[in-house]
Structure formats: structure tokens, C-alpha cells
Amino acid sequence: MKGNPFKSLKFVMFLSFFLFFMLIIFAYNVLMLKSYNKKMIDEKLAFVQNQCSILGNQILVNQYTMDSMQGNLNVQIDQLANVWEGRILVVDTNYRIIKDTYTINQGNYIVYDEVFKVMRGEKDKNISMAKDTAEVIIPIANADKVISGVMLASVSLKDIENTNGYVSSQANVLILLFSFFAFAAAFVISNICVHDIKKLNSKIKELDDGHLDDLHVKSRYNELSQLIDSFSVLLTKMQTVEASRQEFVSNVSHELKTPITSMKVLADSLLMQEDVPAEMYREFMTDMVDEIDRENKIINDLLTLVKMDKKAALEVEQVNINALLELLLKRIKPIAAKRNIEVVFESFRDVVGEVDEVKLSLAFSNLIENAVKYNNDGGNVHVSLNADHKFFYVKVQDNGVGIPEDSQAQVFERFYRVDKARSRETGGTGLGLAITRNAILMHKGAIKLYSEPGEGTTFTVRIPLKYVN
Ligand code: ADP
């Protein structure tokens, strides 16, 4: 255990359990000793009271007076005081001490408030405790409760103190024994508790070293099981990200290589022939320029995608969405017209939204360009705009080739194309929809696609009117 032990969960758990056990043991010990002590004192006092009242009865029966202080009863009182290691006083109704086992006050008058109270019947008895003595005052009364004196017995509690001392020394031995048990129990429990954490940690290390590709660890505790589940989810996510990163790199290489390969083929075929006519040079050079344009487009799209991926801050401003879409359509319409494709814009209301104009224009122009690119000659493209109090909605609908169901989830992936040849023909890089989706997600919006092969495709976009960071 390096450094501060309180930073070790195991140590803190051990200490907590140990202290908890010790607290219970000490509390139990204190309570036991206290109640034992009280019981002993109560019993002794009850015994003293009992003996005193027996003596009192005998005093009554024998009409005990100062003058008749000899005899059996007198000896009995002395013996009792002796046994109790205390003192007994017998006081008559005139508050005269007719018997003092210490003899010093015998014949004197007593001035003691508690004795007055018992004599007058204000109290049926008085018990008071000092450090190691107890004092009992009880009346000497007949069956009709007529008081003819009081007895005052003070008794030593030292014997109880001694017994208590013995019992507590025995208890201390037990405490020591229990402390060992508490220590062992705390040690075992804290070890059991952190065992699964240690196991998890060693598995994570193995994973980090590359010896494992999954955790394969289970815990008996719910919290740890949840942690393991969350970790597994995170791991799967990381593995997916890594796989997609590798796939992306290999896709990028492949895509960038294709135009270069074509250019090399074109250049080689020119070099291999002698006396190549000028028209052929021109034709091949034109093809090579096309390939360079294509390479350029891929690189530009990749850079755009990277910018969107970086979660760069949006440059949000109030933008008239109607004007934005109309401008895009104005640009696309001439291209569509070449293939006799009609592009219609329908706006249900004027919409002004807080958006990044450049990024959103790119997103919508990709959708509209696709609707033209993947359309049949003479087809239709219908773009509509609507809004409620929270969002605006853009729908781009075409009656073109459509997207097969099994490709619909993948068209938003980078470099994915349903028909590679057609896409290449139309100059597609396979990055358009990935860029579109990222731009929409940056606006906290959503995009959905509905398509029927041979019938057409509809993309619906929903974007919040107010940008929330
Ligand atoms: P590309 O540059 O190839 O157009 P995109 O990411 O824009 O790449 O689109 C991915 C693929 O989705 C396209 O290759 C095409 O097969 C399909 N696609 C996109 N839009 C449409 C559409 N409106 N109609 C039919 N297919 C479409």
C-alpha cells in the first residue's frame, strides 16, 4: 500500500468495519457493566430495607427504648451494621438517637431533614447514594401505620465495587479476544469486498496489454456488474470506432488511388504508342483532367467531412430558409433541365431559423443534387418547407431510381454507394450524405429517409428553429 492508506478503499473498508465492530463491543460492555452494577445495588438496597423493616418490627414488639438497649436486639443491630460495613441509627419520635452502632451520637438529637420527612410520614422512605455508600431511611411503624421512630442505615457499596472491578477485568479479557475476531472479520470482509474490483482491474490491464478483447468478468455485486456492463458498452463502442477508422482509412486510400490508377493507365498508353495523333493526346489529356477534378472533389469532400466531424462551433445566425432553398434550386434547376427533370419548390410559410448558413446550404444542396442525380430523365423533384413553433421541416422528394431497403441504413456512411458505377459516372464521391447528416446533427436536427426502389426517394429533415448549444 503506497502513500496515504486512506486512499485505499480496502483500508478504509477494513478500518470502518473494525471500528464498527469495536464500537458495538464497547457499547455492549459499558451497558452490561452498568446494568449489572445497578442490579447489584438495587438488590443490596432491597435487602437492607427488608432487614431494617424486620428490625423495626422487632423494635416495636420489644418496645425498644434508650433504657432497654441491651439484650438480643441490640446485638442483632450491631451485627447487621458490621456485616454491611456501615452504621445503623434508631431514632425515636422525639428525634433522639436511641441507638447508634458507632455509639458516638447515641443519646443526641438528630437534625436531618430527610429523617423529619420520613418521621412525619411525608415520605414512606428515603434512599440516597454517595460515592461508595448508600443511605436508607425507613419508618418504624405498626400495622396502622402509626410511626414510632425511624431507622437510618448507611451501608458500604465497596463490596459491589470490588465485584464490578473483577467483572470488568474479565470483560476486558473478552474485549481483547473479540478485538482479534473483529480485526480478522474486518480483514476478511474488506478483502471480499475489493476482490472483484481487483479482478476487474487485472482484466482491464490484460485488455490494455492486448491479451484480451473482452472483459469476461462477473461480479456478485450489482454496482460492479453495472460498472462492468458500462465498461463493456464503452469497449464495444471504442472497438467499433477503431474498426470504422480503419475502414475509413482503407476507403480513403482506395478512393484516392482510383483516379491516380486511371491517370497512370492513360499516361502509359500514350507513352507506349509512337506517333500518337494530336486528337488522341487531347482526348487522353481531357480524361486525365477529369480524373484530377475527381481527385480534387474527393479531397475537398473529405476536408469538409473532417471539419464537420470535429464538432466545430457553428456560425449561427438568423437565416431566411425560404431564400436559402430558393437560391439552391436556382443553381440546380439548369442542371436538372438538361435531363428534363422538373424541380418544384413549395413553401407553406416563411421560415427564419437560427442556423449556420454555409453548412446547412451544403446539406440541402447534397440532398437536392442527389434527387436530380439519381432520377430518371424527365423525372420530378419536389422540395417543400414547413414549420411549427419549434422546428422547421424540409422534404426532398424524387421519383427516381430509389434505394433498396437493405442499403437504406448505409447510405449515410462514408463512401457508401448503392451503385458504384452510376455514382462514379455522376461524379459522386459517396461522402455527400455523410456530410449532410453531420451538418444536420450539428444543428441538433434529424434526417430520415423513405424509399421504394423504382418509385423514388424522400428525405425529411427536421431542424430546431432556435439553436441550443
Ligand atoms: P454520392 O456522392 O455517391 O452521391 P452520397 O453520400 O450523396 O454519395 O449518396 C450515397 C448513395 O446513396 C449514393 O451513391 C446513391 O446510391 C444513394 N442515393 C443518395 N440519394 C439518393 C436518391 N435521392 N435516390 C436514390 N439513391 C440515392
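Counting starts at 1 for both ligands and their atoms, following the listed order. Everything numeric here is computed off the predicted structure, so don't read it as measured data.
- With a heavy-atom cut-off of 4.0 Å, Ile403 touches ligand 1 through its side chain alone.
- A donor-acceptor contact under 3.5 angstrom links the side chains of Arg349 and Asn386, judged on distance only.
- Within the structure, ligand 1 has Gly430 among the residues with a heavy atom less than 4.0 angstrom away.
- Less than 4.0 angstrom separates some heavy atom of Tyr416 from each of these atoms of ligand 1: 10 (C), 11 (C).
- At a heavy-atom distance under 4.0 Å, atoms from both the backbone and the side chain of Val418 approach ligand 1.
- The shortest N/O to N/O separation between Gly432 and ligand 1 falls below 3.5 Å.
- Below 4.0 Å from some heavy atom of Asn370 lie the following atoms of ligand 1, by number and element: 4 (O), 5 (P), 7 (O), 9 (O), 19 (C), 20 (N), 23 (N).
- In this structure, Glu369 falls outside the shell of residues with a heavy atom less than 4.0 angstrom from ligand 1.
- The six-membered or imidazole ring of Phe183 lies near that of Phe14, with a centre-to-centre distance under 6.0 Å.
- Asn126 and Lys117 share no donor-acceptor pair across their side chains, judged by distance under 3.5 Å alone.
- Counted by atom type alone, Asp388 and Tyr393 present one or more donor-acceptor pairs between their side chains at under 3.5 Å.
- At least one N or O atom of Leu433, backbone or side chain, sits closer than 3.5 Å to an N or O atom of ligand 1.
- Glu135 and Tyr112 are linked by a side-chain donor-acceptor pair at a separation below 3.5 angstrom, with hydrogens and angles left out of the test.
- The 12-atom threshold is not exceeded at CD of Glu405, counting heavy atoms of other residues, nucleotides or ligands nearer than 6.0 Å.
- Checking Asn164 against Asn37 by side-chain atom types alone, a donor-acceptor pair falls below 3.5 Å.
- Under the 4.0 angstrom criterion for non-hydrogen atoms, Asp398 is in contact with ligand 1.
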